[in-house]
Amino acid sequence: MNSMRADHISPLEIFKIGIGPSSSHTVGPMLAARQFRGAVVSYTNMQKQAETSLHVTVELFGSLSATGHGHSTDGAVCAGLIGLHPQESGVEQIWQAMPNLQTEKKIDFDGVSIAFDPEKDLKWQGWTIDEKVLPHPNTIRFSLFSGDKLLLTEVVASVGGGFVNQIVDGQTIWGSSGKETVAVPHPYNTAAEFINICEATGLTPVQVVVRNEAARGLSETDLRKGLLRIWKTIEECIDRGLVTDGILPGGLNVKRRAKSLYEQHKKGTKPVWSQGDLRPSVYAMAVNEENAAGGRVVTAPTNGSSGLIPAVFRTLKEDHNLTEDNLVDGLIAASVIGALVKVHASISGAEVGCQGEVGTSCAMAAGGATVMLGGTPRQMEQAAEIGIEHHLGMTCDPIKGLVQVPCIERNAMGAVKALNAVSLSLASDGSHLVSLDRVLEVMKQTGLDMHQKYKETATGGLALG
Ligand code: SF4
């Protein structure tokens, strides 16, 4: 039973520091593997008599199996099993975990050595589990055996954005911290409710979130400190991407373009229309190229769509002299949109296609930027609605299962759309025909109707070459 509500989701859950190339196929599986490691350690500590011939298996199902090679799911699982964390551990250390395990073929679980050979213990499975339909397209089963005897098993779903849900008896249990049981002063679960709160109380969108987070135990100081760290990581990622060239890994021979495009921009290449300089596209591509290379990125709300918010916010920061506080406000407002999509539709390409990733990040960037520039709650909602509406139906068909084509350029295009959505909403009074709540219903239904081959399986569309 999934009891998640939009006001349960913290900005610091929407924006997470991690590694590329995918939040659902890399960050989520790594966190899930690390969580299973904790369960194994607890289990072995509780045993009076040590079990013998212990070994661990990891089964990847559905989309994780179909595109996991291209998304480095195997490497991420290995890193998680040895206890590494996507945010806290070094990028090189993370990617060295699998080569090390391929040689050592065993893992130290706090003093207990357990066999794990990535070649045979990591299994790429199909679209059923025990002959039943998968509970989620990104399902993973971790198991601990003593010889043939099953000692411990855990089934989880990586549902996008680095969020991991437990599956119990085929039902999804939202994997949160438990803070969702805390009553917040301004409860909301829809965009309409959120706007009503702002208008009835006179609070800004940022103030509503800050007050709710404080009730859940996160002070405004800590919230802002956490988000500033997020913003600095984003800027570092853009800056690395702007000075790095070469070929992206994975075998597609995709050339990194952000550096040379940025050099053209600095030389004064004239845009084809007066406001259309290359910066938003270049910043988005810089981040997504870092992501595709397995580098340090922030989920926004996913890794595949991680370039769009950085691109929009960095461009507006430069053009409007925005302060760090303004940018943090923008991230807070953007997180409200991300939470609404997560609850009422999905931020997973494997569930609803790319409309859930780039569509969502476009809406978040547009809504967040509108607030940063002084827009009203209704203008924020309008900008976010425009951002989603014009991505409805967008499929996820990455070539070779790599988060490169169409993903990198798609973030650039989405960033430009988001800036246009901000301009349109700020130039109006926020009234519009289709509400954000309605467009999320449509997005969800469109995702349900979408053929599986267009949902991160690399079996349809551009993926066919
Ligand atoms: S096509 Fe979109 S949803 Fe699919 S991997 Fe790329 S960015 Fe993610």
Side-chain angles (χ1 to χ4, degrees), residues 18-29 62-73 76 136-138 158-163 248-250 252 254 281 284-294 297-311 338 341-342 345-365 387-388 390-415 417-418 443-444 446-447 450-465:
I19 46 152
S22 168
S23 50
S24 57
H25 288 52
T26 317
V27 177
S63 171
L64 288 177
S65 180
T67 61
H69 282 293
H71 290 59
S72 304
T73 309
H136 187 275
N138 291 333
S158 178
V159 297
F163 288 85
L248 290 169
L252 256 191
V254 171
S281 301
M285 290 166 79
V287 170
N288 284 91
E289 287 173 357
E290 281 296 287
N291 179 60
V297 291
V298 170
T299 60
T302 67
N303 278 22
S305 59
S306 56
L308 211 150
I309 291 173
V341 181
K342 181 162 171 49
S346 169
I347 58 169
S348 162
E351 272 184 314
V352 296
C354 199
Q355 55 175 350
E357 296 207 15
V358 168
T360 304
S361 61
C362 182
M364 290 171 65
I388 297 259
H390 303 289
H391 284 95
L392 284 176
M394 186 181 272
T395 57
C396 169
D397 53 0
I399 300 181
K400 267 191 144 199
L402 296 165
V403 193
Q404 297 179 10
V405 182
C407 320
I408 296 170
E409 217 171 67
R410 188 163 282 177
N411 277 259
M413 302 307 289
K417 276 195 206 178
M443 179 190 193
K444 183 173 185 182
T446 306
M450 195 181 281
H451 196 288
Q452 195 175 62
K453 68 185 177 184
Y454 299 118
K455 295 194 275 192
E456 210 161 1
T457 55
T459 57
L462 293 171
L464 295 182

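Remember, predicted model here, so these are calculated numbers, not experimental data. First listed ligand is number 1; within each ligand, the first listed atom is number 1.
Residues passing the side chain to side chain contact (heavy atoms under 4.5 Å, CB included) test with Thr67, sequence neighbours excluded: His25, Ser63, His71, Glu456, Ala458. The side chain to side chain contact (heavy atoms under 4.5 Å, CB included) test applied to Ser346 returns Ser348, Glu351, Val352, not counting sequence neighbours. Ala292 pairs by the side chain to side chain contact (heavy atoms under 4.5 Å, CB included) definition with Leu248, Gln404, Ile408, not counting sequence neighbours.
Within the 3.5 Å criterion, the main-chain N or O of His390 finds a donor-acceptor partner in the side chain of Lys417. Judged purely by atom type and a 3.5 angstrom limit, Gln355 uses its side chain to pair as donor or acceptor with the backbone of Gly393.
The minimum heavy-atom distance between Ser23 and Gly160, with the atom names listed, is OG-C, 4.3 Å.
The number of protein N, O or S atoms lying under 2.8 Å from atom 4 (Fe) of ligand 1 is 1.
Selection from His391, Arg410, His25 by nearest heavy atom to atom 1 (S) of ligand 1 gives Arg410.
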